[in-house]
Amino acid sequence: MLSPNGQKLEKLDPFHRPLLSKQKTSAEIISEARNALRSVRTQRPFTPREDQRKLFGPASSRTPENRPPSSFSLHASSFELADSRPISGARLSPLELVGKTLPSPWGSEKSGQKLVRNHEARKPRAPESPSTEEDACPCLPKPPLDPVKIRRISGGQSRFYRAASQGSLLPGRSAADPSKTTEESKETEGDSTAKVHGTYLTASNAIGHLKSHPLQRTYDQGFRETKEVSKEPPSHLRSGGSEAAHMRHRGADLTPGQDSERAGRDQGKRRARASSCPSSSDLSRLETRAASRASLQEQETEIEVDEVFWKTQIEPLLHGLEKEDIEAVCAACTQLHHTLEEGRMLGRKFKGRSVLLKALYKLVDAGSDSLNLKLAKLILALKVSRKNLLNVCKLVFKISRSKENDVLLLNDNILESLLEVLRGEDLQSNTEAFLYCMGALKFISGSPAFLPEMISKGAVEILTKLIKQMSEDTKKYGACLPNAGNLLVQTTATLRNLADSPLTRSRLLKVGAFPQLCTVMEQYMDDKDVCTNIARIFSKLTSYHDCCAALASYSRCYALFLSLLNKYQKKQDLVIRIVFILGNLTAKNNQAREVFSREQGSIETLLTLFQNFYQLDQHPPRLGLSGASLAAEAEDVLVKLTRVLANIAIHPRIGPVLAANPRVVGLLLTTLESKSLGDCEELVINTTAAINNLSFYQVKSSILQHKKLYVAELLLKLLVSNNMDGILEAVRVFGNLSQDHDVCNFLMQKNVHKFMIALLEAKHQDICFAACGVLLNLTVEKDKRAVLKEGGGIKKLVDCLREFGPGDWQLACLVCKTLWNFSENITSASSCFGDEDADRLLVLLSSFLDEELALDGSFDQDLKSYHRLHWETEFKPVAQQLLKRIQSHHTSLEPLPTPSF
């Protein structure tokens, strides 16, 4: 662009504009679409939902014989009753089976098993002399109990525990009357009995006693009668209390003779050591012994009192489970669950658990999904383990395989139970149960109705923690645990479904899940199913800026992705997703472009893939529809590959290297030769965008510079298409190539300049911007400036300035530059621009150079700064020179009209 004195003004050609090194603001993103170097967008690879719900879909790399079954039969006989036994907190010596009837569940003769308690086995060993002597010493104070636990203990029971915490008492349950010693538990035959404060009740009068003496739930899920607790201190602390009474209170099983004999034998020793203190080891031994005795006492009391609750509350509901009406059984099952929950009897410590579970297992054979779902929820609440946990997880999995059951799953809130399995059970001992539990969650997560609830209940955090645990186990043991890969497939597939929610993205960012997923991908690189699922997660998440930045910052991911591309070169479903991820990472991040290009063999890997899939696209196997499908899939991979090449070419160091690579340019030009917009629109547009970025670099080694006329010839077919995106990309390439004299002559010969003038009427800023850039380059040469008068070029340029100027100072700058070049030899403004257009130019330029008018827009601060920057640095210098030129050659005496915007 020449000045009046023949000197060129600073050329601010957008096709040669250097990249800004400062961080982009939100406003600057607006202009990215017109930059000479542009990142390319593409659609995420499409994955159709599987019609059938299975652990492993039809695309799985696992053979049927190497994966767990998705279909199986499940009956009541599949469950084991051995797991139904209650788990005690204290481990007692085993009882010998001799020949007495075993109560079921608490003293009934219905069971045919025989049991006799071996009193010798229960009898505590007599303490040795040193320990006996130290018993007389006061115990060291214990730390006070947790306040929450103290609040759970009512009245006298809480006072009892507070006293015990100071070393005055041993912990125990029977605190209703501390003045009395604990009585031995009574074994009965015939009618079952229940003991409440020493009174034995038969089943017939237990209900009446319960009504007149209400029971209160205690801290350990037992019951006790609500009664005023005596404030009298325990007998063993009163001055007249005997040692024998003290020993009986602690649960020592001694005869009266043994009691007196021991008391007499140890009395002297106790007096001699009354002032000495026990050692820490002896004290610990005493506390352990006391805790064991207290635990036994608590268990016996709980058994006796829970029987009343069982008879009055549970048994009627169990009878309801025997009905033939499924709906009635479902209602009884629901009520049973609520009753156990209200009575705090869920879990492993419920003493009637074996009887209850046996009744529940029998109902599985009814074959009703609605009933089985309620059974599964209750069985899981009873904390079964081992084979039973596996079977109940299989039961839920079987129900969840049918989409019609999604409503049942949602209404019965089975989700919480499944998540509790993953949260509370041991992974290594229940890997197969976790597998089917996670399979059910995978099916559930495929329904959008479940996503909010799953995320709110912490599913994202639970799955991430589970993945981390499997990764750490793999590091610890040096190999993948059995079924770990199968479980990871289900876990990552579930997380993939959850990734559709914005809440999932924020939670994954919060827990730092991206490096962990990369680590698992690296550990299970031989497992294509695991790698594909994680790649699907990344392909979803990296479509968003914050997730893309998080993954891009993990520098090891680039080497990992390249390794996977080299390992699975012929696996289209995995390759296309990894290439898509790389395209996302390199779209906006210049550092990601550089780190990726520095990885050894990165460019060669992309080119090898490009060549292989191009050959598959050109010569698909002759398999009918399968061959056509493979060709379409190969084309999709090529689309993603050209996008990566176009994006990394933006880097100022990598771009010239790619432009000088014959293999890169050759593959792009070959694609452009063989494909048309009508058949492969996205591939042709991405290829043209890659060529545009490479043609930006005016270096001698550039292959495109040597083939610029051939490239211009190829682009002509895009200009005559009806695809505006294709036309825009072709015009952008012409903007770079038209800096060459030979290309300008070629465009004039092919009447491309007329087409560029016609594009000024497109009313599309980006198209007008690109077309104006080509016209600017043409008007640099004096013999080509007259082309602007063809087709009303001057009028269309002034229209663009008027319409787009106030909101697009870059486009306004290009218009002024083009008109400046055109008017270099001006003698009269009217003869040069025409009377009407000369007047319009004077009005527009005068108004646009008024800072208050030009920058008076309703923009936020970023946009105002952005507009001011381009107005001051680009538009204002050129517009001032052009205005002066027109004013100095303007002869009209009429006042200029007032502009309207």
Side-chain angles (χ1 to χ4, degrees), residues 12-17 31-41 642 646 649 668-669 672 675-677 681-696 698 704 707-740 742-781 784 787-788 790-791 793 796-797 799-800 803-804 808 810-815 817-818 821:
L12 298 177
D13 191 332
F15 293 96
H16 303 274
R17 187 185 303 110
S31 66
E32 287 184 350
R34 66 175 52 141
N35 287 341
L37 297 174
R38 299 178 310 103
S39 61
V40 180
R41 299 182 180 89
T642 53
L668 293 175
L669 293 182
L672 205 57
K675 301 294 182 179
S676 65
L677 276 172
E681 176 182 346
E682 190 175 7
L683 178 58
V684 171
I685 290 175
N686 282 4
T687 302
T688 308
I691 292 175
N692 172 61
N693 287 353
L694 294 178
S695 64
F696 171 80
Q698 305 291 320
L704 285 176
K707 296 185 175 183
K708 51 185 177 291
L709 291 178
Y710 177 66
V711 174
E713 185 75 34
L714 287 176
L715 294 176
L716 287 180
K717 64 179 182 179
L718 299 183
L719 292 181
V720 297
S721 70
N722 295 324
N723 190 302
M724 292 303 296
D725 292 330
I727 292 173
L728 176 59
E729 292 299 335
V731 173
R732 283 170 172 157
V733 179
F734 282 132
N736 286 337
L737 298 180
S738 61
Q739 297 176 80
D740 183 83
D742 295 335
V743 174
C744 286
N745 290 336
F746 172 82
L747 297 179
M748 295 293 293
Q749 293 172 5
K750 301 295 182 179
N751 292 320
V752 175
H753 63 285
K754 296 181 180 180
F755 189 77
M756 297 299 147
I757 292 174
L759 289 177
L760 295 176
E761 293 181 307
K763 305 301 180 182
H764 189 286
Q765 284 180 258
D766 292 333
I767 291 179
C768 291
F769 187 89
C772 194
V774 176
L775 294 174
L776 170 63
N777 289 339
L778 289 177
T779 56
V780 170
E781 300 183 15
K784 298 179 177 62
V787 299
L788 292 183
E790 299 181 19
K796 292 176 181 177
L797 286 172
D799 289 341
C800 284
E803 185 168 353
F804 300 118
D808 192 343
Q810 289 179 305
L811 176 55
C813 174
L814 281 185
V815 172
K817 286 181 178 181
T818 304
N821 287 349

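Keep in mind that this is a model prediction, so the values were computed, not measured.
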Q: Considering all heavy atoms of both residues, which atom of V815 and which atom of C800 are nearest to each other, and what is their separation?
A: CG2-CB, 4.4 Å
Q: Is there a side-chain contact between M724 and I767 (heavy atoms, below 4.5 Å)?
A: yes
Q: Could you tell me if the side chain of E713 sits less than 4.5 Å from the side chain of L709, heavy atoms only?
A: no
Q: Residues in side-chain hydrogen bond (donor to acceptor under 3.5 Å, both in side chains) with D740, at least two apart?
A: none
Q: Under the criterion side-chain contact (heavy atoms from CB on, under 4.5 Å), which of V711, N777, L716 is the partner of F734?
A: L716
Q: Rounded to the nearest 0.5 Å, what's the gap from CD on E681 to CG on N686? Could you check?
A: 10.0 Å
Q: Go through the structure and list residues passing side-chain hydrogen bond (donor to acceptor under 3.5 Å, both in side chains) with T688, not counting sequence neighbours.
A: none
Q: Say you draw a straight line from CG of D725 to CD1 of I685; how long is it, rounded to the nearest 0.5 Å?
A: 4.5 Å
Q: Check whether any side-chain heavy atom of L669 lies under 4.5 Å from a side-chain heavy atom of I691, and answer yes or no.
A: yes
Q: Quick check: closest heavy atoms across A690 and T642, and the distance to 0.1 Å?
A: CB-O, 4.2 Å
Q: Compare all side-chain heavy atoms of L719 with those of V731 and state whether any distance is below 4.5 angstrom.
A: yes
Q: For the NZ atom of K717 and the NZ atom of K675, what is their distance to the nearest 0.5 Å?
A: 10.5 Å
Q: Is any side-chain heavy atom of D799 less than 4.5 Å from a side-chain heavy atom of L760?
A: no
Q: Measuring from atom OG of S738 to atom CG of L778, what distance do you get when rounded to the nearest 0.5 angstrom?
A: 6.0 Å
Q: Does any N or O in the side chain of N723 come within less than 3.5 Å of the main-chain N or O of L718, such that one atom is a donor and the other an acceptor?
A: no
Q: Is the side chain of D808 donor-acceptor paired with the backbone N or O of L811 at a distance under 3.5 Å, no angle test?
A: yes
Q: Heavy atoms only: give me the nearest A689-A646 pair and the separation to one decimal.
A: C-CB, 4.4 Å
Q: Compare all side-chain heavy atoms of L694 with those of L668 and state whether any distance is below 4.5 angstrom.
A: yes
Q: Report the residues that fulfil salt bridge (charged side-chain N to carboxylate O under 4.0 Å, His left out) with E761, sequence neighbours left out, ordered by chain and then residue number.
A: K796
Q: How close do K708 and V743 get, heavy atom to heavy atom, and via which atoms?
A: CD-CG2, 3.9 Å
Q: Kindly check if the number of other-residue, nucleotide or ligand heavy atoms within 6.0 Å of NZ (K784) is above 12?
A: yes
Q: What are the two closest non-hydrogen atoms of K763 and F804, and how far apart are they?
A: C-CZ, 3.9 Å
Q: In Å and rounded to the nearest 0.5 Å, what is the CG to CG distance from L683 to L672?
A: 9.0 Å
Q: Please tell me if the side chains of F755 and I727 come closer than 4.5 Å, counting only heavy atoms from C-beta onward.
A: yes
Q: Closest approach of I757 and G791, non-hydrogen atoms and distance?
A: CG2-O, 3.8 Å
Q: How long is the span from the CG atom in L788 to the CE atom in M756, to the nearest 0.5 Å?
A: 13.0 Å
